J.: 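Take a look at the following structure, please.
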There are 2 protein chains.
Amino acid sequence: MNQALDQYPKPSVTVDCVIFGYAAGQLSILLMQRNEAPFAGSWTLPGGFLQLDETCEAAAKRVLSTKTNINDVFLEQLYTFDRPARDPRGRVLSVSYFALVNSEQFSLAAGQAARDVRWWPWEQLPELGFDHAEIIAKAIDRLRSKVLWQPIGFELLTPPFTMPELQNLYESILKTTFDRRNFHKRIMGLGILQHVGVRRANERRRPADLFVFDEQQYHNLLQKGLEFKI
Amino acid sequence: MNQALDQYPKPSVTVDCVIFGYAAGQLSILLMQRNEAPFAGSWTLPGGFLQLDETCEAAAKRVLSTKTNINDVFLEQLYTFDRPARDPRGRVLSVSYFALVNSEQFSLAAGQAARDVRWWPWEQLPELGFDHAEIIAKAIDRLRSKVLWQPIGFELLTPPFTMPELQNLYESILKTTFDRRNFHKRIMGLGILQHVGVRRANERRRPADLFVFDEQQYHNLLQKGLEFKI
DNA sequence: ACAAAAGTGTTCTCCTTACACCCATGA
DNA sequence: TCATGGGTGTAAGGAGAACACTTTTGT
């Protein structure tokens with residue numbers, strides 16, 4: 001290690017992931033129950049220490065893959081949490097990440113450092129260790145503002161999905177209600193959905209039409225941004 | 001230091017500040033010329049190593065104050081840059097900060113680690129050390145998107161200022177032009193400006209009206225957000 | 001046949017945009 | 001008095017919001 005750098009004290013650095021999933025009409029966050037001190041028994045965000053030869057994003061992907069068995073998802077840096085007392089063991093920075101997942105797509109697996117891995121409804125979270133409640137609050141802010149500019153809501157749904165499902169997702173996130181007709185017009189106006197047919201009749205009422213993404217248009221919009229004011 | 005933490009390797013952590021100022025119709029960024037290796041002679045963002053008993057924001061304020069003689073400005077965390085090779089000395093994370101300054105309000109002072117401290121027009125920057133060009137690019141993105149939602153443009157102007165000055169600032173940042181009348185209507189509609197009188201007649205042409213902020217309304221809007229689509 | 005949820009089109013209103021003339025000053 | 005930039009209001013157009021009836025299915 002370089003001497004010029006060693007004259008300055010170094011903090012530990014961890015990477016923590018706020019993973020949003022959506023299933024059965026519920027927006028949820030993935031948490032792990034810790035086996036070890038500090039906060040043994042508490043629920044916390046999946047996380048781990050940064051290794052010196054990997055980027056933080058690579059560390060986040062490693063954590064997702066090894067600790068929760070989730071791969072290839074939407075991931076972006078959220079914020080760096082840095083309160084000196086946030087970890088009782090010493091000075092630890094947390095570079096946090098924000099992830100969106102089709103929660104139906106993965107079967108969870110608890111690693112050795114955790115007793116349990118579980119989806120928790122975002123509005124009924126358990127007691128959280130460290131400052132993870134604060135990290136989650138920031139992630140929810142990010143989700144709310146991001147959903148207005150990028151079609152990220154779609155990352156959470158497993159296609160094919162129905163228009164009422166999509167509307168319910170947006171309404172959950174933004175805590176509001178939309179007019180069905182205006183919502184339909186707006187979404188279809190984006191040109192990223194393709195009608196694929198009528199739902200197999202296993203619902204209690206009239207089945208809804210099914211849609212999938214036009215991948216091409218979808219990725220255009222992800223970059224260009226949209227203006228989702230409804 | 002705690003043994004549980006020491007089993008993991010630790011990176012160095014620095015804090016770097018992208019400081020925007022506005023004077024003489026020019027949006028500028030504050031840079032320092034390095035005295036020391038690596039990148040001696042190159043221009044870089046003001047920055048320094050994080051100390052273990054301070055938050056990153058406190059470190060950023062310390063850097064601003066000691067290295068550039070700037071205090072009490074708008075400051076927020078921008079992003080954490082983490083490419084393993086970004087510093088030739090070893091693994092160094094940079095937690096970067098975004099600052100807006102009334103550049104006329106401060107007289108700059110070079111500290112011992114720098115030959116020179118200077119405002120550079122944001123579109124004609126010199127060769128930059130480390131990955132600071134990348135950091136600045138991210139800061140400009142942030143400035144552009146933030147200016148649409150929060151009345152931050154005002155942080156850059158020294159009151160009292162004129163409507164054409166404000167318009168020019170917005171046009172510089174967003175690289176566009178606005179209709180004078182519509183701009184005036186929009187801004188006044190926010191209710192955060194107070195008319196204070198007519199400029200002393202030292203201009204070459206008809207003097208413009210002068211405005212200051214209504215601090216109360218201004219801070220309301222800073223938090224609530226506005227929708228500045230013009 | 002009835003209850004429950006889904007599909008669809010039109011009107012009105014308000015916000016956005018486009019646009020032209022008069023005014024104040026310095027030279 | 002003339003050239004330059006600053007101040008102001010109105011009219012037309014477009015996007016958003018409000019709104020009701022018909023359709024499909026399961027019971």
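On a predicted model such as this, the values are computed, not experimentally measured, just so you know.
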J.: Which residues pass the ring-ring contact (aromatic ring centres under 6.0 Å, His included) test with Phe211(B), not counting sequence neighbours?
T.: His195(B)

J.: My understanding is that only residues two or more places apart in sequence, or in another chain, count here; which of them pass side-chain contact (heavy atoms from CB on, under 4.5 Å) with Ala133(B)?
T.: Leu128(B)

J.: For each nucleotide in nucleotides 3-8 of chain D, reading 5' to 3', give B when a protein heavy atom comes within less than 4.0 Å of its base, S when such contact involves only the sugar-phosphate, and - otherwise.
T.: -BBBBB

J.: For the pair made of NZ in Lys185(B) and P in dT16(C), what is the distance, rounded to whole Å?
T.: 10 Å

J.: Starting from P on dA18(C), measure out to CZ on Arg186(B) and report it in whole angstrom.
T.: 12 Å

J.: If I take atom CG in residue Asp179(A) and atom C1' in nucleotide dG16(D), what distance separates them, rounded to the nearest angstrom?
T.: 11 Å

J.: What residues, two or more places apart in sequence or in another chain, satisfy salt bridge (Lys or Arg N to Asp or Glu O under 4.0 Å) together with Lys185(B)?
T.: none

J.: Which residues pass the side-chain contact (heavy atoms from CB on, under 4.5 Å) test with Val212(B), sequence neighbours left out?
T.: Pro159(B), Pro160(B), Gln194(B), Val196(B)

J.: List the residues meeting salt bridge (Lys or Arg N to Asp or Glu O under 4.0 Å) with Arg206(A), not counting sequence neighbours, and say none if there are none.
T.: none

J.: What is the distance, rounded to the nearest whole Å, between atom CZ of Phe183(A) and atom P of dA5(C)?
T.: 18 Å

J.: Provide, to the nearest angstrom, the distance between the CG atom belonging to Asn182(A) and the P atom belonging to dA20(D).
T.: 13 Å

J.: For Glu215(A), I'd like to know if atom CD has over 12 heavy atoms of other residues, nucleotides or ligands within 6.0 Å.
T.: yes

